[in-house]
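Reviewing the structure listed below.
Throughout, a chain's letter reflects where its sequence line sits, starting with A, and its residues are numbered from 1.
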2 protein chains.
Amino acid sequence: MKRRPQTKRTTIYDLAELAGTSASAVSAVLNGNWKKRRISAQLAERITRLAEEQGYALNMQASVLRRDRSKIIGMIVPKYDNRYFGSIVEQFETMARERGLFPIVTCTRRDPALEIEAARAMLSYQVDCLIATGATDPDRIADICSAAGVRAVNLDLPGSRVPSVISDNFAGALELTRRVLSNCEREFGEKAPLLFVGGRGTDHNTSERVRGFRAAHAEAGVAVDELLVLTCGYAPEKAENAIKSLAAKVGTLPRGMFVNSTISLEGVMRWIRRSSHYPDRMPHLGCFDWDPFVAMLGDHIEMVRQDVPRMLEAVFEIIDSSATDPKVIEIPPIVEKIG
Amino acid sequence: MKRRPQTKRTTIYDLAELAGTSASAVSAVLNGNWKKRRISAQLAERITRLAEEQGYALNMQASVLRRDRSKIIGMIVPKYDNRYFGSIVEQFETMARERGLFPIVTCTRRDPALEIEAARAMLSYQVDCLIATGATDPDRIADICSAAGVRAVNLDLPGSRVPSVISDNFAGALELTRRVLSNCEREFGEKAPLLFVGGRGTDHNTSERVRGFRAAHAEAGVAVDELLVLTCGYAPEKAENAIKSLAAKVGTLPRGMFVNSTISLEGVMRWIRRSSHYPDRMPHLGCFDWDPFVAMLGDHIEMVRQDVPRMLEAVFEIIDSSATDPKVIEIPPIVEKIG
DNA sequence: CAATTCTGCTTCATCGATTGAGCAAGCGAG
DNA sequence: CTCGCTTGCTCAATCGATGAAGCAGAATTG
């Protein structure tokens with residue numbers, strides 16, 4: 001096993017030799033505590049200049065191995081195919097860097113096995129803290145982290161072992177459903193139950209949104225038709241198939257829908273355009289998620305936008321304060337359009 | 001500075017003590033080359049079982065420090081706010097994992113300084129290879145990598161120092177422009193020059209797309225109006241402002257546009273809907289990029305979808321074959337709708 | 001039966017950075 | 001001139017994993 005032949009990397013020992021000093025002086029200078037270590041400003045400057053000239057780059061592996069904290073912060077995220085998770089990741093990286101942490105993010109494609117594997121990999125890389133975003137089994141991840149003495153936080157979907165930051169799904173869904181119900185009533189002159197499409201029936205967010213959906217119906221004095229709650233998964237094909245087979249079964253679909261994510265909306269829209277179920281007028285839609293192009297699709301769509309900046313502020317507040325109690329923080333989402 | 005108090009992590013030394021053997025035996029067993037190191041199957045099994053029971057996790061920092069290859073592969077990416085980069089990252093992670101590599105991805109928000117900082121950070125983490133996606137200065141990154149003896153590959157935007165994989169922007173733009181020109185001619189009965197909006201005039205992709213745009217005009221015998229080539233940057237606001245001030249200047253805008261990315265399209269669409277420039281009929285649009293909801297916006301939009309799977313196959317082919325010559329591989333994009 | 005080979009381990013140096021402990025020179029006080 | 005303090009460094013152990021080299025004891029060979 002040979003070293004990379006091309007260019008052996010410059011180490012603090014090389015710099016020490018060049019500067020005619022010791023490696024420990026170099027180390028002290030390069031990580032800024034040379035005052036504490038009583039290195040003269042002269043030597044400090046010489047070493048700094050040399051490091052610059054030689055293009056020295058710290059070997060994090062060696063540094064992390066020696067220190068107690070790695071300053072690496074991990075995040076796992078289900079998908080990169082929508083604005084919500086995309087902005088979570090961007091915001092996360094920005095805020096991590098502001099705190100002098102190195103963010104590493106990985107996408108698990110909603111695959112439970114990959115989620116666990118990814119969490120283990122992050123622990124191997126000695127992350128100080130792991131954020132599980134939209135995880136299918138947050139508690140499993142929390143357990144793995146806790147066994148390694150690593151802090152964990154849940155985002156988007158809550159768990160019961162560590163703190164969680166999620167949207168106020170009930171309130172968001174309540175308001176969204178209200179608007180779609182009233183849009184339908186305004187246009188079609190009658191109160192009628194809506195269709196709910198998308199999401200996993202077992203996940204907390206979906207069940208809270210269904211609860212909001214029901215509450216808005218109750219408020220309006222409209223009975224929810226249980227056949228019309230399709231928690232079929234998030235994927236576009238699943239939403240499309242669910243709605244297709246429902247249409248085959250019941251004949252006529254409602255003039256209003258609650259769609260649980262832009263991803264599911266993709267399938268719903270596809271079906272609406274392919275089938276000739278709504279030849280005259282588009283149904284009124286409410287989408288629990290936000291996308292700029294969906295907003296342009298027409299006036300018949302209302303959206304709820306999750307407040308990503310506030311959610312991540314809450315996440316970092318937990319991290320900064322070292323809170324570990326498994327409380328759930330709910331951030332109100334933003335209802336985009338004015339009905 | 002104290003160690004994490006809670007749970008000190010299990011190391012190979014702990015396992016060695018528990019198994020009554022040496023750390024090197026444990027190491028040999030756990031990384032699978034115990035046959036080569038002549039460890040008995042019996043001991044191997046005992047160690048494996050113990051590791052399982054104790055929830056042992058390899059310390060990658062220590063392991064990487066000792067080995068010559070880190071098996072970490074880095075990628076920098078400009079943004080997570082569109083399907084193109086999102087699918088690049090997902091595909092990259094999947095393919096990296098298939099090869100037993102650990103992917104680390106970071107987003108630089110089109111900030112040149114952050115790009116360099118991110119590249120340096122990745123080198124500190126001893127990546128074996130760095131993929132610079134849509135970098136503003138790929139050659140700078142390649143130089144930094146080369147100084148550290150690390151391989152680099154450019155994706156989406158080409159450089160001159162290391163291999164690059166990009167879309168065939170000229171061909172894609174040519175075909176897209178042809179379609180929009182012919183859509184306009186069909187509807188409005190006259191050949192007229194289109195508007196080009198979005199992208200940086202200095203980047204290779206944009207200039208190739210402008211070249212394709214011009215070639216299609218030439219082919220159709222239509223003169224390109226130089227005032228109508230707005231390479232104003234990618235951001236929605238920039239596209240919106242550019243088009244707004246152009247409208248103020250020239251009065252009437254063309255009935256067809258070539259929009260250079262979905263991100264710029266966001267601004268263009270916003271302007272179209274806010275201004276009353278096209279009260280009767282929407283202009284025909286061609287977008288060099290793909291998004292499912294844009295596709296639903298109407299028949300007046302044509303899209304070119306970059307072939308992400310083939311692009312990443314090409315990237316990994318370069319990596320697997322250790323090619324280093326700075327050739328540019330152009331992957332034909334897919335023209336989505338049939339005009 | 002001695003010489004050699006094979007088996008199944010252990011020992012120890014090493015990767016690069018960090019940090020507590022320690023050492024020598026200089027300087028001021030007594 | 002000596003004692004003690006400060007200044008400005010160096011030394012060496014350490015983090016955890018890896019693998020070349022080496023070393024007993026058993027098995028095989030001539």
Side-chain angles (χ1 to χ4, degrees), chain A residues 1-4 8-47 51 54 56-72 123-126 128 148-149, chain B residues 1-4 8-47 51 54 56-72 123-126 128 148-149:
Chain A
M1 184 175 274
K2 279 162 241 151
R3 272 265 135 199
R4 252 176 269 276
K8 205 171 177 246
R9 255 119 128 160
T10 316
T11 69
I12 52 169
Y13 296 93
D14 302 330
L15 293 180
E17 201 171 334
L18 285 169
T21 180
S22 73
S24 73
V26 175
S27 171
V29 169
L30 295 182
N31 59 66
N33 54 9
W34 53 278
K35 292 214 165 170
K36 211 175 300 170
R37 306 260 319 178
R38 296 190 313 220
I39 306 290
S40 65
Q42 216 180 77
L43 180 57
E45 213 215 329
R46 191 147 45 93
I47 289 175
Q54 301 292 315
Y56 170 79
L58 177 66
N59 183 326
M60 274 298 174
Q61 251 66 51
S63 177
V64 166
L65 177 59
R66 191 57 181 67
R67 286 176 316 181
D68 64 333
R69 289 185 51 217
S70 68
K71 299 191 177 181
I72 303 176
L123 294 181
S124 271
Y125 283 93
Q126 310 298 111
D128 283 336
Chain B
M1 184 172 275
K2 281 162 240 150
R3 273 265 133 198
R4 250 175 271 277
K8 203 168 179 252
R9 255 120 127 161
T10 317
T11 70
I12 52 169
Y13 297 92
D14 303 330
L15 293 180
E17 202 171 334
L18 285 168
T21 180
S22 71
S24 76
V26 175
S27 171
V29 169
L30 294 182
N31 58 64
N33 52 12
W34 52 280
K35 290 216 164 172
K36 213 175 296 169
R37 305 274 311 264
R38 296 189 314 220
I39 307 290
S40 66
Q42 217 180 77
L43 180 56
E45 213 215 331
R46 191 146 45 94
I47 289 175
Q54 300 292 316
Y56 170 79
L58 178 64
N59 182 327
M60 275 296 176
Q61 312 297 348
S63 176
V64 167
L65 176 60
R66 194 58 182 65
R67 284 175 319 180
D68 63 334
R69 288 185 53 216
S70 68
K71 298 193 176 179
I72 303 176
L123 293 181
S124 272
Y125 282 92
Q126 311 298 111
D128 283 336

Counting N and O atoms only, with roles assigned by atom type, does the side chain of R46(A) sit under 3.5 Å from a partner on the main chain of A19(A), one being a donor and the other an acceptor? yes
Using a cut-off of less than 4.0 Å, is there contact between a side-chain N or O of T21(B) and OP1 or OP2 of dT10(C)? yes
Taking N and O atoms by type only, does the side chain of R66(A) place a donor or acceptor under 3.5 Å from a partner on the base of dT14(D)? yes
Any side-chain N or O of Y56(A) below 4.0 angstrom from OP1/OP2 of dA17(C)? yes
Looking only at N and O atoms, is any donor in the side chain of R37(A) or the base of dG20(C) less than 3.5 Å from an acceptor on the other one? yes
How close or far is atom C1' of dC9(D) from atom CZ of R46(A), stated in whole angstroms? 12 Å
Nearest to the side chain of I39(B), which nucleotide is it out of dC15(C), dC9(C), dT18(C)? dC9(C)
Separation of dG19(D) atom P from K36(B) atom NZ, nearest Å, is 9 Å
Verify, without hydrogens or angle tests, whether Q61(B) (side chain) and Y125(A) (backbone) share a donor-acceptor contact under 3.5 angstrom. yes
Shortest non-hydrogen pair, A25(A) vs T21(A), comes out as CB-OG1, 3.5 Å
What is the distance, rounded to the nearest whole Å, between atom OH of Y13(A) and atom C1' of dC11(D)? 11 Å
Find the bend of the helix from dC1(C)-dG30(D) to dG30(C)-dC1(D) as the angle between its two terminal axes (five pairs each), to the nearest 10°. 60°
Can you figure out which of dT18(D), dG16(D), dT18(C) approaches the side chain of L65(B) most closely? dG16(D)
Could you tell me which non-hydrogen atom of Q126(B) sits nearest to which non-hydrogen atom of L58(A), and how far apart they are? OE1-O, 4.4 Å
Nucleotide dA17(D), atom P - distance to CG of L30(B) in whole Å: 9 Å
Dump the intermediate steps for side-chain contact (heavy atoms from CB on, under 4.5 Å) on Y56(A) and I12(A), then the final yes or no. CA-CA 8 Å; Y56(A) 170 79; I12(A) 52 169; 3.5 Å; yes
Please determine whether a side-chain nitrogen or oxygen atom of N31(B) lies at a distance below 4.0 Å from atom OP1 or OP2 of dA17(D). no
Between protein and nucleic acid, restricted to nucleotides 22-26 of chain C and to nitrogen or oxygen atoms under 3.5 Å apart, what atom pairs and distances do you find?
none

Here the distance between atom P of dC9(D) and atom CD of E45(A), to the nearest Å, is 13 Å
In whole angstrom, give the distance that lies between atom CD of Q61(B) and atom P of dT14(C). 23 Å
Distance check: side-chain N/O of S24(A) vs OP1/OP2 of dC9(D), anything under 4.0 Å? no
Please tell me if N59(B) has a side-chain N or O lying less than 4.0 Å from either OP1 or OP2 of dC15(D). no
Below the 4.0 Å mark, does dT18(C) have OP1 or OP2 next to a side-chain nitrogen or oxygen of S27(A)? yes
For residues D128(A) and S70(A), report the shortest heavy-atom separation together with the two atoms involved. OD1-N, 3.0 Å
Provide, to the nearest angstrom, the distance between the CG atom belonging to L15(A) and the P atom belonging to dT10(D). 14 Å
Taking only the side-chain nitrogens and oxygens of T11(B), find out if one of them lies under 4.0 Å from OP1 or OP2 of dG16(D). no
For atom NZ of K35(A) and atom P of dT7(D), their distance in whole Å: 13 Å
